[in-house]
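By convention in this document, chain letters (A, B, ...) are assigned in the order of the sequence lines, proteins followed by strands, and residues within each chain are numbered from 1. Only heavy atoms go into these numbers, but all of them, side chains included; no hydrogens, no water, no symmetry mates.
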2 protein chains.
Amino acid sequence: MPEGSSPQMGQSLLFLTDEQLRKGIEAMFFAYRGFTADPDRILAEKSYGRAHHRAIHFIHRSPGTTVNNLLSILGVTKQSLNRVLRTLIEDGLVASTVGTRDKRERHLHLTQEGAALERELSDAQRDRMRAAYRAAGPAAVVGFRQVLEAMMDDETRHHYEAMKEKPNER
Amino acid sequence: MPEGSSPQMGQSLLFLTDEQLRKGIEAMFFAYRGFTADPDRILAEKSYGRAHHRAIHFIHRSPGTTVNNLLSILGVTKQSLNRVLRTLIEDGLVASTVGTRDKRERHLHLTQEGAALERELSDAQRDRMRAAYRAAGPAAVVGFRQVLEAMMDDETRHHYEAMKEKPNER
DNA sequence: CTTGGAATGTCAACAAAGCTGACGTATTGT
DNA sequence: ACAATACGTCAGCTTTGTTGACATTCCAAG
């Protein structure tokens, strides 16, 4: 019996067939390539990688964040983050300042130069996202975000939600 | 004039504000972690990586595909794919057979053992996708796919479309 | 029938970015 | 005083990507 055509299957459940799920999985895989393609090109010119982009993005989103906080958002080890962070600090894109209340902490900020690169990267990424949103329409965008949020791990979703309502002045 | 608050901006364009786009970008980043988390756990036990998963997935999807075809779908170099493919062949998960019409080509198939791993991986990934789909609902799923498709590079979308209507017997 | 080009494979070397484990230092809180 | 925390760093390893060079095999065109 061909899948997805079971007579006793409610009409409302047809979107949960293996076939539909498989398309979603492949769409996710292929779309992620497009998602990262434009920033990757810019980063390659400057000898940076995706890891630098992620650090820059979240430092921009949460100026003054600590290393530990960034660590849990990015989900990597401190050694891995440190390597990236060190080059960004050496290159003058990120400023690391000792905490005032707790001097063990380092607070991270983008310098002017860092903010400039952030803008270049996010402009490129937003351009593609905007084109996709425009092509798909507002209703599709709502669904897009709903599915993505439901796909996250609980801990990850917590980070996402925490940042959701923190608009960045620009 | 700050974007997103222009009085003459049509109501229908509010979903294209930088703020909305930023949320979409972060949702994409966080969701991709969840997307790969379950297969990654299974793969780690077996000393394989994501690259092995991708190869297995697309060999399953297109049995008998050539190395070159797989290369263009995955978007990596032949050296990189070859390393992964070699281990899969050595481990008896993938069979490589010389082409009949063109003996330069190798046709790739999953062995029984390879198909078993494929099933384990895709079951895990589908479980999460199914939960996300169920939570978001059918209308959201349509939008989800529309946005993802619009996000792909043209060449990538071509691969995606080519595989779209090729259901796999299971 | 020869030869050029295509498809494949392989060797070597390298880089990005993740990981573990160990250790040092400064600081904080108990 | 002492344990825990935050951070940085060294060393070493893994996966997965990259180039470049070169050999082999084979099809197809001249």
Side-chain ion pair, [X] and [Y], N-O less than 4.0 Å:
X        : Y       : result
B:Glu45  : B:Arg41 : no
A:Glu19  : A:Arg22 : yes
B:Glu120 : B:Lys46 : yes

- Message: I'd like to compare against my own output: the B/S/- annotation of nucleotides 3-11 of chain D with a strict under-4.0 Å heavy-atom distance to protein.
- Response: -BBSBBBB-
- Task: For the residue pair B:His57 and B:Ser122, confirm or rule out a side-chain donor-acceptor distance under 3.5 Å.
- Result: no
- Query: Judged by modelled atom types alone, do B:Tyr160 and B:Glu149 share a side-chain donor-acceptor pair under 3.5 Å?
  - Reply: yes
- Item | Working for side chain to side chain contact (heavy atoms under 4.5 Å, CB included), residues A:Tyr32 and B:Met28 | CA-CA 8 Å; A:Tyr32 201 78; B:Met28 196 69 186; 4.2 Å; yes
- Item | Spacing between A:Arg50 atom CZ and D:dT18 atom P, to the nearest angstrom | 11 Å
- Message: Need to verify one output field. Residue with the more 5' nearest nucleotide on DNA chain C, A:Val98 or A:Leu81?
- Response: A:Leu81
- Message: Show, in sequence, the C-alpha distance, side-chain angles and deciding distance for A:Glu118 and A:Leu110, and conclude whether the side chain to side chain contact (heavy atoms under 4.5 Å, CB included) test is met.
- Response: CA-CA 9 Å; A:Glu118 191 282 330; A:Leu110 293 185; 3.9 Å; yes
- Using a heavy-atom cut-off of 4.0 Å to chain A, what are the terminal contacting nucleotides of DNA chain C, in 5' to 3' order? C:dA17 to C:dT28
- Assign B:Arg83 to base, sugar-phosphate, or nothing according to its heavy-atom contacts below 4.0 angstrom with the strands shown. base
- Task: Examine distances only and state if a side-chain atom of A:Thr65 and a backbone atom of A:Ile59 form a donor-acceptor pair shorter than 3.5 Å.
- Result: no
